[in-house]
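So the structure is just underneath, and the comments pick up after that.
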Amino acid sequence: MATRLLRTNFIRRSYRLPAFSPVGPPTVTASTAVVPEILSFGQQAPEPPLHHPKPTEESHDGLDLSDQARLFSSVPTSDLLRSTAVLHAAAIGPMVDLGTWVMSSKLMDASVTRGMVLGLVKGTFYDHFCAGEDADAAAERVRSVYEATGLKGMLVYGVEHADDAASCDDNMQQFIRTIEAAKSLPTSHFSSVVVKITAICPISLLKRVSDLLRWEYKSPNFKLSWKLKSFPVFSDSSPLYHTNSEPEPLTAEEERELDAAHGRIQEICRKCQESNVPLLIDAEDTILQPAIDYMAYSSAIMFNADKDRPIVYNTIQAYLRDAGERLHLAVQNAEKENVPMGFKLVRGAYMSSEARLADSLGCKSPVHDTIQDTHSCYNNCMTFLMEKASNGSGFGVVLATHNADSGRLASRKASDLGIDKQNGKIEFAQLYGMSDALSFGLKRAGFNVSKYMPFGPVATAIPYLLRRAYENRGMMATGAHDRQLMRMELKRRLIAGIA
């Protein structure tokens, strides 16, 4: 089997997050940082001075991130101390470099040193960023987080890619177990489960399907006999340079593999539908995304039967130039077909790899030129989706962001539109172990807020943990603000304890 969970060749490549990929802006927020490849936009900004309004100062939008005592009131001092230490350690560049070297070295081949390293990782970074070693443990972590903080959980089986049918089948069963674990929780405790299509369909096949879909868009007379009903996956501004000549048709074996991949995602969707558990489908880079969008939308057409709330959500990456156009096309077609649709809105995950590929082909990157363009695209898409969700239609929106400015804008928009913050149609999400100040602030403002909670054995979680470390180190205008709020709260508690 060839499921990619760990080891040298993955760790040495550009780190990726399962496509929950919000980023923070170069402004003062309580979000994580602007960093390459992962949650990021890949551009750094100088760290601005921090301004702290008085604790009694309430923001006119209802989102107050100034009072650390109220924000972290539900966090025990021991947990706050550990979180502060882990996030500070992850922000030290040489320490991250050393950890990366250790994880990709021969030290991990020796049982003694491997055990020591994994033991150290489990007690620190793993426990901070991951929810447990299996679905049941993760469900219990979701329960404890909700009972302590009121924050919901998104359960995420932490697998990246699979290269063969056996691995895809195994991963499908893990996703099914994840749904069953979510179903065991009270509905108030969790919001959704997350799946990566790359874990249940070989990447080589996703590339082939994406090539064929691009050529069909370029040449309307080019027909794909295997294609299911779906929504548009391209717009006039979509990048098509990945496919410069007519691809060979799928072979009979490839068509069987594609049928099997459809069968896996449909089985996952069917289980979610039966269990009333929303399913969020993660995004990838543009070389694969057409096939992922195609499978997501075809699944939504089949399984989003409830007119009040969708089961299947697709992901829109706002750092792509064509994101707004593709979102509007998908929404228009969903409304035309009377199909409720869910969208998870992120900024983007693969800026560096997108730029490298485009440059190698002599083309312009599909990513916006500036981070401000990305922020504008995100906020425009967010406003559009909130308006759709507010008018009584069956749209659902997950605003996955570590950007407090977007949070403030959404809070104001919700008030303007008279949106019921608790009806489940609009919610926010941040990564578990990161941007807690923003999560708590949004929760106090009355919104449903979830933490993206990956799980899996310690050894398989290392690539994810290394990405978290890289996100924390290079930036850190917004992450520094979060850490400073934690330090201020620890200092306040210490002084209060002494007095």
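Scope of the values below: all heavy atoms of this structure, side chains included, with no hydrogens, waters or symmetry mates. Here, residue 1 is the first one in the sequence, and each next residue gets the next number.
- Contact detail for Glu354 and Pro366: the closest heavy-atom pair is OE1-CG, 3.7 Å.
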Salt bridge (charged side-chain N to carboxylate O under 4.0 Å, His left out) between Arg214 and Asp211, worked out:
CA-CA 5 Å; Arg214 285 189 202 94; Asp211 279 336; 3.0 Å; yes
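- Residue pairs meeting the salt bridge (charged side-chain N to carboxylate O under 4.0 Å, His left out) criterion with at least one member in residues 259-273, sequence neighbours excluded: Asp169-Arg264, Glu180-Lys271, Glu267-Arg270.
- A heavy-atom distance below 4.5 Å is not found between the side chains of Leu280 and Val195.
- By the 4.5 Å heavy-atom criterion applied to side chains, Leu431 and Phe129 are not counted as neighbours.
- A pairwise comparison of heavy atoms in Arg141 and Asp127 identifies NH1-O, 3.3 Å as the closest pair.
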Go through the steps to decide whether Arg177 and Tyr157 satisfy the test side-chain hydrogen bond (donor to acceptor under 3.5 Å, both in side chains), and finish with yes or no.
CA-CA 9 Å; Arg177 281 192 281 273; Tyr157 172 52; over 6 Å; no
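- Taking 4.5 Å as the limit, some side-chain heavy atom of Leu320 sits within range of a side-chain heavy atom of Val367.
- Counting heavy-atom neighbours within 6.0 Å of Glu248 CD, excluding the residue itself, gives a total of 12 or less.
- Side chains of Lys443 and Thr149: no donor on one and acceptor on the other come within 3.5 Å.
- Between the side chains of Thr286 and His242, at least one donor N or O sits under 3.5 Å from an acceptor N or O.
- Under the 3.5 Å distance criterion, the side-chain polar atoms of Asn171 are matched with a main-chain donor or acceptor of Ala199.
- No side-chain heavy atom of Ser192 sits under 4.5 Å from any side-chain heavy atom of Tyr313.
- Of the inter-residue distances, the one linking Ile265 atom CD1 with Cys168 atom SG reads 11.5 Å to the nearest 0.5 angstrom.
- The NZ atom of Lys451 lies 3.0 Å from the OG atom of Ser439; values are rounded to the nearest 0.5 Å.
- Ser450 pairs with exactly one of Lys152, Gln430, Glu427 by the side chain to side chain donor-acceptor pair (under 3.5 Å) rule, that one being Glu427.
- When all heavy atoms of Ala138 and Leu155 are compared, the pair lying nearest together is CB-CD2, 3.6 Å.
- In this structure, the side chain of Ser105 engages the main chain of Val102 through a donor-acceptor pair within 3.5 Å.
- Checked by atom type, the side-chain pair Thr374/Arg347 shows no donor-acceptor distance below 3.5 Å.
- In this structure, His189 contributes its side chain and Leu185 its backbone to no donor-acceptor pair below 3.5 Å.
- Rounded to the nearest 0.5 angstrom, Thr315 OG1 and Ile197 CD1 are separated by 10.0 Å.
- Minimum heavy-atom separation, Ile426 to Leu399: CG2-CD1, 4.3 Å.
- In this structure the side chain of Arg487 reaches within 4.5 angstrom of the side chain of Gln484, judged on heavy atoms.
- The one candidate from Tyr146, Phe428, Phe440 that meets the side-chain contact (heavy atoms from CB on, under 4.5 Å) condition with Leu151 is Phe440.
- For the 3.5 Å distance criterion, the side chains of Asp164 and Ser167 qualify, holding a donor opposite an acceptor.
- In this structure, Ser365 and Arg321 approach most closely via the heavy-atom pair O-NE, 3.0 Å.
- Residues Asp64 and Arg70 are paired through a salt bridge, judged by an N-O separation under 4.0 Å between the basic side chain and the carboxylate.
- Here the side chains of Arg493 and Leu80 are in contact, with some heavy-atom distance below 4.5 Å.
- Considering only heavy atoms from C-beta on, Val193 stays 4.5 Å or farther from Met154 through its side chain.
- The backbone N or O of Ala437 lies less than 3.5 Å from no partner atom in the side chain of Gln68, so there is not a single donor-acceptor pair.
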Evaluate the criterion side chain to side chain contact (heavy atoms under 4.5 Å, CB included) for residue pair Lys122 and Leu120; output intermediate values, then yes/no.
CA-CA 6 Å; Lys122 185 179 189 307; Leu120 177 63; over 6 Å; no
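- Without hydrogens or angle criteria, Thr251 side chain to Glu254 main chain gives a donor-acceptor distance under 3.5 Å.
- The backbone N or O of Cys272 lies less than 3.5 Å from no partner atom in the side chain of Ser275, so there is not a single donor-acceptor pair.
- Between Arg356 and Asp285 there is no salt bridge, since no side-chain N of the basic residue sits under 4.0 Å from a carboxylate O of the acidic one.
- Between atom NZ of residue Lys196 and atom CZ of residue Phe175 there is a gap of 9.0 Å, rounded to the nearest 0.5 Å.
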Could you go step by step and tell me if Met108 and Val117 meet the side chain to side chain contact (heavy atoms under 4.5 Å, CB included) rule?
CA-CA 8 Å; Met108 297 301 289; Val117 169; 4.0 Å; yes
Trace of the side chain to side chain contact (heavy atoms under 4.5 Å, CB included) decision for Leu361 with Leu357:
CA-CA 6 Å; Leu361 298 172; Leu357 177 60; 4.1 Å; yes
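- The closest side-chain heavy-atom distance from Asn314 to Tyr297 is below 4.5 Å.
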Test log, rule ring pair (Phe, Tyr, Trp, His ring centres under 6.0 Å), inputs Tyr432 and Tyr452:
CA-CA 5 Å; Tyr432 183 57; Tyr452 180 100; over 10 Å; no
Walk me through whether Asp359 and Lys364 qualify under salt bridge (charged side-chain N to carboxylate O under 4.0 Å, His left out).
CA-CA 7 Å; Asp359 185 65; Lys364 189 177 179 64; over 6 Å; no
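- Once rounded to the nearest 0.5 Å, the distance linking CG of Leu345 with SG of Cys377 reads 8.0 Å.
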Run the side chain to side chain contact (heavy atoms under 4.5 Å, CB included) test on Leu107 and Met116 for me, step by step, so that the C-alpha distance in whole Å, both residues' side-chain angles and the decisive distance to 0.1 Å come before the verdict.
CA-CA 10 Å; Leu107 291 174; Met116 292 174 59; over 6 Å; no
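- For the residue pair Arg143 and Ser184, the shortest heavy atom distance occurs at NH2-O, 4.0 Å.
- Taken from OH in Tyr350 to CG in Leu288, the straight-line distance is 8.5 Å, to the nearest 0.5 Å.
- Tyr126 places a side-chain N or O within 3.5 Å of a backbone atom of Gly132 that can act as its donor or acceptor partner.
- Partners of His262 by ring pair (Phe, Tyr, Trp, His ring centres under 6.0 Å), not counting sequence neighbours, listed by chain and number: Tyr294.
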